[in-house]
Number of protein chains: 2
Amino acid sequence: MADSDTRDRILDAAQDLVQRVGANAMSYQHLSDAVGIRKASIHHHFPGKSDLLVALITRYRHDFLRLVDQIADRPNLSGAAKLARYVRLFEATLQENACEKACPCGMLGAEVATLEPRAAAKLKEFYDDNRKRLAEILEAGRADRSLRFAGAAEVMAWTAFAFLEGAMLVARVDGGAKRFRESADAFVQMLEA
Amino acid sequence: MADSDTRDRILDAAQDLVQRVGANAMSYQHLSDAVGIRKASIHHHFPGKSDLLVALITRYRHDFLRLVDQIADRPNLSGAAKLARYVRLFEATLQENACEKACPCGMLGAEVATLEPRAAAKLKEFYDDNRKRLAEILEAGRADRSLRFAGAAEVMAWTAFAFLEGAMLVARVDGGAKRFRESADAFVQMLEA
DNA sequence: GTCTATATAGAGATAGAC
DNA sequence: GTCTATCTCTATATAGAC
């Protein structure tokens with residue numbers, strides 16, 4: 001499993017760089033420096049940059065949705081409580097490592113026009129899955145009367161997801177994690193019954 | 001004024017590229033191709049890439065705030081109507097040229113970690129100014145009872161701005177201008193009294 | 001699986017002629 | 001103000017030894 005370990009360390013370094021500077025500002029040389037192996041060795045695990053990005057999105061999607069499902073599938077939690085915990089997943093990412101890290105899929109979203117179709121498709125899956133889970137949480141909240149909003153849950157899910165991704169990016173320019181938190185609280189409060 | 005004309009054409013091309021692919025994926029060669037003059041001539045007008053980005057943000061900020069002020073300063077418009085028109089400025093940008101263009105300052109926000117301090121400071125000015133204008137619009141709406149929301153107008157302004165910037169970026173991955181519109185309408189509706 | 005070495009292309013930038 | 005020519009550095013990627 002030494003192979004798989006190196007692979008993960010490369011993905012760790014790549015994810016960190018994507019979250020901080022984006023995919024277009026990340027190079028095999030940076031990964032080489034971060035992981036401590038040569039560029040050619042990175043290419044052995046991920047022949048092209050797109051292979052790396054596809055693997056990165058796939059792994060992040062899997063890990064993140066597992067956390068979301070742990071929230072969404074809890075039967076004794078109100079919809080409002082689920083929504084608050086979902087928001088906290090984004091907040092935790094922003095505060096990782098004391099530097100302000102954005103969501104990797106938010107960063108890649110800004111760069112989508114420069115991604116290969118494979119990577120763009122994987123990215124869209126992440127967005128789709130999140131909107132779907134969010135719609136379920138919102139609908140559950142409306143059913144248990146902990147949330148109140150007009151219109152289709154799918155529309156509000158798109159709105160909430162766009163806000164969270166945007167807030168992570170804006171926070172790094174202006175306000176930081178503190179502003180993210182108070183703004184996210186205000187957003188959730190608008191939906192609470 | 002032939003000089004100033006070329007300068008503007010370079011900035012036009014640069015803005016188009018930033019909106020579509022971002023600053024890190026934009027090169028002097030791309031600008032050369034788009035404008036029809038050589039790379040060295042671009043460097044004559046903008047010695048370094050940061051000079052170009054600073055000029056780009058400065059011009060966009062000036063032009064955009066002029067449009068915002070035309071909305072905010074209209075005395076016979078309700079706060080809710082002003083907010084709806086502000087949102088439509090972002091919607092119009094997204095639909096420009098039949099391709100989906102993001103806000104240049106939203107794109108640069110994602111890339112802020114790779115910007116020189118001068119450019120990052122100019123970017124922050126754009127964010128600050130927009131939040132300030134939005135807070136005034138929201139407060140006016142609360143005063144004329146066309147809008148209703150809890151807490152400080154500044155917090156809701158940050159929330160609305162983050163949503164709009166995020167929605168433009170998310171829309172290009174998933175849903176397009178149509179989803180942006182229905183989602184933005186839902187957001188405004190949450191604030192309407 | 002990792003290395004050295006190399007290939008090829010593109011980046012940002014400058015010198016100096018017209 | 002624009003050009004040709006060139007410089008230097010970095011990027012992605014591959015060949016082949018260990």
Side-chain angles (χ1 to χ4, degrees), chain A residues 1-18 20-57 107-108 110-120 122, chain B residues 1-18 20-57 107-108 110-120 122:
Chain A
M1 295 285 109
D3 182 12
S4 163
D5 187 61
T6 302
R7 218 185 117 93
D8 275 338
R9 282 167 52 220
I10 296 168
L11 287 175
D12 289 342
Q15 185 176 314
D16 175 70
L17 281 163
V18 167
R20 289 193 289 114
V21 302
N24 288 327
M26 170 193 75
S27 73
Y28 274 62
Q29 186 58 57
H30 294 138
L31 294 172
S32 167
D33 296 339
V35 178
I37 60 175
R38 297 289 170 166
K39 279 191 297 176
S41 306
I42 316 273
H43 280 287
H44 170 75
H45 293 278
F46 303 100
K49 204 172 175 177
S50 287
D51 302 306
L52 175 59
L53 291 176
V54 167
L56 168 54
I57 301 166
M107 294 293 283
L108 292 170
E111 296 176 303
V112 68
T114 67
L115 297 180
E116 274 196 7
R118 281 179 302 155
K122 273 286 161 201
Chain B
M1 294 285 111
D3 182 12
S4 164
D5 187 60
T6 301
R7 217 186 118 92
D8 275 338
R9 281 168 52 221
I10 295 168
L11 286 175
D12 289 342
Q15 185 176 313
D16 175 69
L17 280 163
V18 167
R20 289 192 289 114
V21 302
N24 287 326
M26 170 192 76
S27 74
Y28 274 62
Q29 187 58 57
H30 294 138
L31 294 171
S32 167
D33 295 338
V35 178
I37 59 177
R38 296 290 168 167
K39 278 193 299 175
S41 305
I42 317 272
H43 280 287
H44 170 77
H45 293 277
F46 304 101
K49 202 171 174 177
S50 287
D51 302 306
L52 175 59
L53 291 177
V54 168
L56 168 55
I57 301 167
M107 294 294 283
L108 293 170
E111 296 176 303
V112 69
T114 68
L115 297 180
E116 274 195 9
R118 281 180 302 154
K122 272 284 161 204

S.K.: Would you confirm whether B:Glu111, through its side chain, and B:Ala23, through its main-chain N or O, come within 3.5 Å as a donor-acceptor pair?
M.R.: yes
S.K.: Starting at NE2 of B:His43 and ending at C1' of D:dT2, how long is that distance when rounded to a whole Å?
M.R.: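 It works out to 14 Å between those atoms.
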S.K.: When you measure from the side chain of B:Ala40, which nucleotide among D:dA5, D:dA13, C:dG12 comes out closest?
M.R.: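 Given the options D:dA5, D:dA13, C:dG12, the side chain of B:Ala40 is closest to D:dA5.
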S.K.: Go through residues 23-37 of chain A and report each residue with a non-hydrogen atom lying under 4.0 Å from DNA chain C, sorted by number.
M.R.: A:Ile37
S.K.: Could you state the interatomic distance from OG1 (A:Thr6) to CG (A:Asp12), rounded to the nearest 0.5 Å?
M.R.: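 With rounding to 0.5 Å, OG1 (A:Thr6) is 11.0 Å from CG (A:Asp12).
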S.K.: May I ask you to verify if any side-chain N or O of B:His45 is less than 4.0 angstrom from the OP1 or OP2 atom of D:dT2?
M.R.: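 For D:dT2, OP1 or OP2 has a side-chain N or O of B:His45 closer than 4.0 Å.
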S.K.: Working to the nearest 0.5 angstrom, can you tell me the gap between B:Arg9 CZ and B:Leu31 CG?
M.R.: 12.0 Å
S.K.: With a 3.5 Å cut-off and sequence neighbours excluded, list the donor-acceptor pairs that the side chains of residues 34-43 of chain A form with protein atoms.
M.R.:
unit_1  : atom_1 : unit_2  : atom_2 : d
A:His43 : ND1    : A:Pro47 : O      : 2.9

S.K.: Atom CZ of A:Arg38 to atom P of C:dT6: distance rounded to whole Å?
M.R.: 14 Å
S.K.: So does B:Leu53 get a backbone contact from the side chain of B:Lys122, meaning a donor-acceptor N/O pair under 3.5 Å?
M.R.: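 No.
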S.K.: With sequence neighbours excluded, give me every salt bridge (charged side-chain N to carboxylate O under 4.0 Å, His left out) pair touching residues 20-29 of chain A.
M.R.: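 Passing the test, one end in residues 20-29 of chain A: A:Asp16-A:Arg20.
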S.K.: For the pair made of NZ in B:Lys39 and P in D:dA5, what is the distance, rounded to whole Å?
M.R.: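 After rounding, the gap between these two atoms is 13 Å.
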S.K.: When the distance from CD1 of A:Ile42 to P of D:dT14 is rounded to whole Å, what number comes out?
M.R.: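 After rounding, the gap between these two atoms is 15 Å.
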S.K.: Say whether, by atom type as modelled, one donor and one acceptor occur between the side chain of A:Asp33 and the main chain of A:His30 under 3.5 angstrom.
M.R.: no
S.K.: Would you say a side-chain N or O of A:Thr6 is under 4.0 Å from OP1 or OP2 of C:dG1?
M.R.: no
S.K.: Kindly say if B:Ser41 contacts the phosphate of D:dC3, meaning a side-chain N or O under 4.0 Å from OP1 or OP2.
M.R.: yes
S.K.: In this structure, how many angstroms lie between the P atom of C:dG1 and the CD1 atom of A:Ile10, rounded?
M.R.: 10 Å
S.K.: Take the protein atom CZ of A:Phe46 and the nucleotide atom P of C:dG1, then report the distance between them rounded to whole Å.
M.R.: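 Atom CZ in A:Phe46 sits about 12 Å away from atom P in C:dG1.
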S.K.: Between A:His44 and C:dG1, is there a side-chain N or O to OP1/OP2 distance below 4.0 Å?
M.R.: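 Yes, A:His44 has a side-chain N/O under 4.0 Å of OP1/OP2 on C:dG1.
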